[in-house]
> 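Right, I'll just put the structure down here and ask away after.
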Amino acid sequence: MSQHLSEQEIVRRDKLTELEALGVNPYPPELFHVSHYSQAILDTFDAEQNNLPDVSLAGRIMSVRLMGKAAFAVLQDAGGRIQLYIGRDAICPGEDKTLYDEVFKRLVDIGDFVGVKGYVFKTKTGETSIHVSSLQLLAKSLKPLPIVKEKDGEIYDAFTDPEQRYRQRYVDLVVNPHVRNTFIKRTKLVKTIRDFLDAHGAMEVDTPVLQNIPGGAAARPFATHHNALDVPFYLRIANELYLKRLIVGGFDFVYEFSRNFRNEGMDRTHNPEFTVLEFYVAYKDYFWMMDFTENLLEKIAIELHGTTEVTMGDKVLNFKAPFKRVPIYDAIKEFTGFDVSEMDEAGLVDVCKKLHIETDASMGKGKLIDEIFGAKCEGNFTQPTFIIDYPVELSPLTKKHRSKAGLVERFELMVNGKEIANAYTELNDPIDQRARFEEQAKLMERGDDEAMFIDHDFLRALEYGMPPTSGIGIGIDRLVMLMTNQASIQEVLFFPQMRPETEGE
RNA sequence: GAUUCCGUAGCUCAGCUGGUAGAGCAAUACACUUUUAAUGUAUGGGUCUUGGGUUCGAAUCCCAACGGGAUCACCA
């Protein structure tokens, strides 16, 4: 496997040999004791008190400004960046100046990991810096990093090519602090949810990713094959039916951050694998779930931003609970002028024609209503809004509405014109559930390739009895996009799916 | 999947209507002990994504492939 090396890469490899000749191991095995992170030093240093006389920290060299017998360098560690002041005589107190003249000046590059010890001080210009008394190479970097510079908020030579940023996320993370920040927020968001659920007595669980019957959602699955059993398996499209089995089993409140896989198109809001938080709570209904959800989202916004107001593009979204609740038929009436609540399939097809929405023979009543809502209404709901009471045809796992015929107790949460959560009062009547599955089977025969499969084991579970339950799925990637002001899902996934690179590097 | 734009040095980009490449940063060498997009001087660095075609001659024009972005369609 021959590797084409650039001039700079050859130079760095040559430096390895030079370092070894000087007795410096470019990849030493010993631990390096880190006493402080850069950010902690910047936060706590007090020049009057000189309270940090002895620190040691480690990280990557991000820039070097050489001035003969002294130099300034920027060290980047997990907490941020801090300036180093490296004087020749400070790191080489004796006669031998090799460490400074050769190792540091010539053989250490931008991107190398070093460990330094010294005291903290403020330079003439007032920048908190480390006065380095000892410097050690911890790991050599053989590829030149993109050099991003910044002055007065202006970024120069930014590393911006999306393809390179996504394929080599490690470089993106090293060089673009704002990218790093987005992912820190993502983790914080997940932790906030976990803490919130745990505080309400929920139990986090794991359910199968490899499934016989890909259930719980309408989507095309990835298919695979188990050799020993010689049976097909599918990567899960949702975990809903498994979590409900756990409710049957006697757990009252279960949740899972479910990595789901759907074999469909990709664009800036869809990745083939994505994360949905699902949770199910026994003895609750969808009204309770709306209350709980708006409180959860309000809490997330406050944790991440210190306020319920979140900027998304040119809009400000306000997650202050409670959110508006709008029945889907009301929404359609408001934005199209048509009252579709009493219409049959033919009437709906007619409305679609008038609204210039394409239809085909495979679409049932529910699907047609969904199309109208998706085309004409969805985009209008910028502020968090619960759309409630969907037609039964669209919701094969949802309990029929307690008072409105033909509807189910379901809501979707729309924010910034997109659905980010979907919840119901769960259907726990096994007879009705069987009938709904059979409806789905008919739709599948009509050509709807997203209709649900019949899951007989799930029906069996329901027959043993499931308590009244409310459940929800919240799209975590989309929620992170909203909370971090990102227009593309690729910006909130460390490693978004890409076509494989053809020629290896 | 459709439409459209893009692919030149490690990074960010120039390269006009075709005459086989250029800048800044990075790299190399030298100078400089409190600088901060450090500076000064000098030097090196490119299968111009790939493959065809047109032409005396292609980074540039044409065709195709590969990869990516944006918009649209479907799904979360």
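What's counted below: heavy atoms across the whole structure, side chains too, no hydrogens, waters or symmetry copies. Chain A is the first sequence line, chain B the second, and so forth, proteins listed ahead of strands; every chain is numbered from 1.
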> Are A:Lys69 and B:U34 close enough that a side-chain N or O sits under 4.0 Å from OP1 or OP2?
no
> Of all the choices, B:A29, B:U71, B:G44, which nucleotide is nearest to the side chain of A:Glu7 once you look at every atom?
B:G44
> Here's a test of your reading of the structure: between A:Arg220 and A:Arg88, which maps to the more 5' nucleotide of RNA chain B?
A:Arg88
> Base, sugar-phosphate, or nothing for A:Gln490, non-hydrogen atoms under 4.0 angstrom?
sugar-phosphate
> Within the 4.0 Å heavy-atom criterion, would you say A:Ile420 contacts the bases, only the backbone, or no part of the nucleic acid?
nothing
> So, is A:Gln83 close to the B:U35 phosphate, meaning a side-chain N or O under 4.0 Å from OP1 or OP2?
no
> Which listed nucleotide (B:U33, B:A27, B:C75) is nearest to the side chain of A:Glu371?
B:C75
> Any side-chain N or O of A:Arg268 below 4.0 angstrom from OP1/OP2 of B:U71?
yes
> Ignoring hydrogens and angles, does a donor from either the side chain of A:Asp157 or the base of B:G24 sit under 3.5 Å from an acceptor on the other?
yes
> Check if the side chain of A:Asp267 and the base of B:C74 share a donor-acceptor pair of N or O atoms closer than 3.5 Å.
yes
> Please check this pair: side chain of A:Asn271 against backbone of A:Glu273, looking for a donor-acceptor N/O pair closer than 3.5 Å.
yes
> Using a heavy-atom cut-off of under 4.0 Å over every strand shown, decide if A:Lys122 touches base, sugar-phosphate, or nothing.
nothing
> Using only side-chain N and O atoms of A:Arg106, determine if any of them is under 4.0 Å from OP1 or OP2 of B:A29.
yes
> Considering only heavy atoms and no angle criterion, is a donor-acceptor pair shorter than 3.5 Å present between the side chain of A:Glu163 and the base of B:G67?
no
> Return the pairing partner of B:A14 with a 3.5 Å limit on both distances, Watson-Crick or G-U wobble; otherwise return none.
none
> With a 4.0 Å limit, can you tell me whether A:Arg65 has a side-chain N or O closer than that to the phosphate oxygens OP1/OP2 of B:A38?
yes
> Could you work out the separation of B:U60 and B:U49 based on their P atoms and round it to a whole Å?
8 Å
> Does B:U20 have a Watson-Crick or wobble mate here (both distances under 3.5 Å), and if so which one?
none
> Between A:Glu278 and A:Tyr280, does any side-chain donor sit less than 3.5 Å from a side-chain acceptor?
yes
> Quick one: the side chain of A:Tyr85 and the base of B:U35, do they pair up donor-acceptor inside 3.5 Å?
no
> Under 30°, 30 to 60°, or over 60°: which ring-plane class applies to A:Tyr119 and A:His131, parallel, tilted or perpendicular?
parallel
> Taking atom P in both B:A64 and B:A70, compute the distance separating them and give it to the nearest angstrom.
24 Å
> With a 3.5 angstrom cut-off on both distances, give the Watson-Crick or G-U wobble partner of B:C66, or none if there isn't one.
B:G7
> For nucleotides B:C56 and B:C13, find the distance between their C1' atoms and express it as a whole number of Å.
33 Å
> Quick one, A:Glu18 with A:Lys15, criterion salt bridge (Lys or Arg N to Asp or Glu O under 4.0 Å). Give me CA distance, side-chain angles, the key distance, then yes/no.
CA-CA 5 Å; A:Glu18 286 197 59; A:Lys15 287 176 179 177; over 6 Å; no
> Provide the Watson-Crick or G-U wobble partner of B:A2, both distances under 3.5 Å; none if there is no partner.
B:U71
> Respond yes when some side-chain nitrogen or oxygen of A:Gln8 is under 4.0 Å from OP1 or OP2 of B:C11, and no when none is.
no
> In terms of side-chain heavy atoms, does A:Gln83 have a donor or acceptor partner in A:Thr128 at a distance below 3.5 Å?
no
> Both distances under 3.5 Å, Watson-Crick or G-U wobble: report the partner of B:G57, or none.
none
> Are OP1 or OP2 of B:U28 and a side-chain N or O of A:Lys105 less than 4.0 angstrom apart?
no
> Kindly assign one of parallel, tilted or perpendicular to the pair A:Phe121 and A:Tyr85, based on the angle between their ring planes and the thresholds 30° and 60°.
perpendicular
> Of A:Pro146 and A:Glu127, whose closest RNA chain B nucleotide lies nearer the 5' terminus?
A:Pro146
> Which part of the nucleic acid, if any, lies within contact of A:Arg12, taking any heavy atom under 4.0 Å across all strands shown: a base, the sugar-phosphate backbone alone, or nothing?
nothing
> Can you tell me if the side-chain N/O atoms of A:Arg499 get under 4.0 Å from OP1 or OP2 in B:C66?
no
> Does a side-chain N or O of A:Lys149 approach OP1 or OP2 of B:U12 to a distance below 4.0 Å, or not?
no
> Scan every strand shown for a Watson-Crick or G-U wobble partner of B:A31, both distances under 3.5 Å, and answer none if you come up empty.
B:U39
> What I want to check is whether the side chains of A:Glu491 and A:Tyr166 have a donor and an acceptor closer together than 3.5 Å.
yes
> Closest to the A:Gln164 side chain: B:U28, B:C74, B:C11?
B:C11
